[in-house]
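Reviewing the structure listed below.
Both counts, for ligands and for their atoms, begin at 1 and track the order of listing. FYI, side chains are in, hydrogens and waters are out, and symmetry mates aren't considered; it's all heavy atoms of this structure.
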Amino acid sequence: MKVYDDMSIWMVAGSQHLYGEETLNQVRSHTEEIATYLDAQKGIPAKVEYKGILTTPAEITDFCTKASADPSCGGVILWMHTFSPSKMWINGFNVLNKPVCHLHTQFNRDIPWGEIDMDFMNLNQSAHGGREHGFINSRMKLNRKVVVGFWQDSEVHERLDAWMRACAAVKDQRNGKIARFGDNMRDVAVTEGDKVAAQIALGYDVYGYAVGDLAQVIADVDEKTIDALIEEYKAQYEIDPALLGEKSDALRTAARLEAGMTQFLEEGGFCAFTTTFEDLHGIAQLPGLACQRLMEKGYGFGGEGDWKTAALVRALKVMGKGMPGGTSFMEDYTYHLDPANPMVLGAHMLEVCPTISEDKKVKLEIHELGIGGKDDPVRMVFDVPGGKALNASLMDMGNRFRLLINEVEAVESGKELPNLPVARVVWKALPDLKTAAAAWIYGGGAHHTAFSKDVTTEMLIDYADICGVESLVIDADTDIRSFKKELQWNDLYYTMKGFAGGV
Ligand code: MN
């Protein structure tokens, strides 16, 4: 996943010729200084490049055209150090297809009370230059992020960090290919959706394959590749002794699945994939370990043909890259409804990504799988440490996609689960289980989610805004009456807006 290495954020300042060359030279050097400063910040994951100042409609349109056409440009930061009359921006904005951040900052943090004169006022006028800029963005209904504050404040860097991570996910998915091995699980509604609408809004293309195509690649994996993977497993995990003894064939089959699926995904240039236990054709086990290992490498995954969640897991993996934590495919499985301590146990049949285990022990085990009618599958089993986390889910509501986010607190239950043969997480949903579950259900939220210990609500909202996707947050401030009204207002808004999707 090289997405941040290949991405740069272009920063410019808007201005005009009214102020004279001396002032414009100061605008130039200040903008370059800010871009260089932001680029050097450790918390900011992408390169920030100074791209000059824009003083005429032609310069603005040229900049927007180049930013739109350049594949390395992940987004643009626009700053109005001075006043830049906004009619000059209209034609440029009409061609700009990259995410926009309006940085509403000022070069001087403080008013120099003793020395301030009209020269200072003419140079440091973002307080009203930024308002003129905001107007035309709003008038043209352009999605953008507005970040306010002094450019050296860490809080400003955090806002920019979140937005750039969202830009990276958008950039990744605009070239993204999702592979589906088999169709959606029969009769399930929420995993369905309009793939054409998804490509228009989110950019990724979903390819279907017969499971036999994959089975052939898996069958052709050579024994040496399998030997190498077994050695890797031995070095990395605690392995059930049976898998190295009487059940070693099952482990070799799991390694064969991993090698074959990796080859298929690499050769096709895919970033995410789905499987379904209802359609395994010539595959001996449901791929559990293989899906876990591929997610660990950065692939998105969705079970039961769920391509929307596969793509979402990938988006969160891109957003969270380099941060402590991790992201996994997840499903709300079982409740602990003790009124004094309500909790949710999240897991899946097999496919939970070990990046969320952090320092917890990961064991390779083999157990019977009650459904699917195939050989017993190998899987990684682990617990997940406590801490802030969230669940995110993407649904096709017919006239738009809805991204639903629930902030949760992962907890260590302190209980042994000796008979549970899958990786699992226990969490407390915010604001409380009853409110969170009711809001999730009123919102039509799926049982499948992307569970993340590193991605934040802010990143997801930025991502949804860039894509023109509805976002709804269930957090410490949620109350059901307001949430239901928000659902009704949003329904009205998206019905009136009509669906086109995209920036
Ligand atoms: Mn499922």
Side-chain angles (χ1 to χ4, degrees), residues 178-193 195 198 206 208 211 257 261 272-280 283 285-296 299-317 326-335 344-356 367-374 376-382 384 389-396 402-406 408 417 420-427 429 437 440-441 443-452:
I178 320 286
R180 303 175 70 218
F181 301 119
D183 205 336
N184 295 63
M185 182 177 167
R186 286 183 276 278
D187 275 341
V188 176
V190 78
T191 58
E192 287 286 359
K195 300 186 200 77
V206 184
V211 180
L257 292 182
M261 289 169 76
F273 67 103
T274 70
T275 58
T276 173
F277 67 89
E278 282 182 331
D279 185 0
L280 292 171
I283 298 175
Q285 318 172 354
L286 176 63
L289 179 61
C291 295
Q292 293 178 297
R293 297 258 305 170
L294 284 160
M295 266 192 279
E296 188 177 14
Y299 285 95
F301 171 77
E304 292 97 52
D306 188 348
W307 51 271
K308 294 195 301 299
T309 304
L312 187 64
V313 168
R314 166 67 178 192
L316 270 77
K317 283 189 173 288
T327 290
S328 178
F329 174 62
M330 188 58 64
E331 185 165 295
D332 292 65
Y333 230 106
T334 300
Y335 290 137
V344 182
L345 190 152
H348 202 253
M349 282 192 294
L350 303 168
E351 311 92 339
V352 179
C353 176
T355 54
I356 60 171
H367 301 275
E368 191 185 332
L369 187 71
I371 48 181
K374 290 279 181 173
D376 297 347
V378 181
R379 79 287 306 270
M380 295 185 215
V381 179
F382 52 85
V384 173
L390 56 76
N391 276 302
S393 183
L394 189 78
M395 286 74 61
D396 183 344
R402 166 176 288 168
L403 182 65
L404 191 52
I405 302 152
N406 184 199
V408 305
L417 300 131
L420 188 68
V422 289
R424 59 277 180 148
V425 199
V426 180
W427 65 76
W440 191 272
I441 285 166
H447 54 289
H448 283 169
T449 63
F451 172 89
S452 184

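- In this structure the side chain of Met380 reaches within 4.5 angstrom of the side chain of Leu289, judged on heavy atoms.
- Side chain of Trp440 to backbone of Ile405: no donor-acceptor contact under 3.5 angstrom is found.
- Listed by chain and number, the protein atoms of type N/O/S under 2.8 Å from the Mn ion (ligand 1) are Glu304 OE1, Glu331 OE1, His348 NE2, His448 NE2; waters are omitted.
- A heavy-atom distance below 4.5 Å is found between the side chains of Thr355 and Glu296.
- Of the possible polar contacts, none joining the Lys317 side chain to the Tyr299 backbone as a donor-acceptor pair under 3.5 Å is found.
- The aromatic rings of Phe181 and Phe273 sit tilted, their planes meeting at an angle between 30° and 60°.
- A distance-only check finds a donor-acceptor pair linking the side chain of Glu278 to the backbone of Arg186 [under 3.5 Å].
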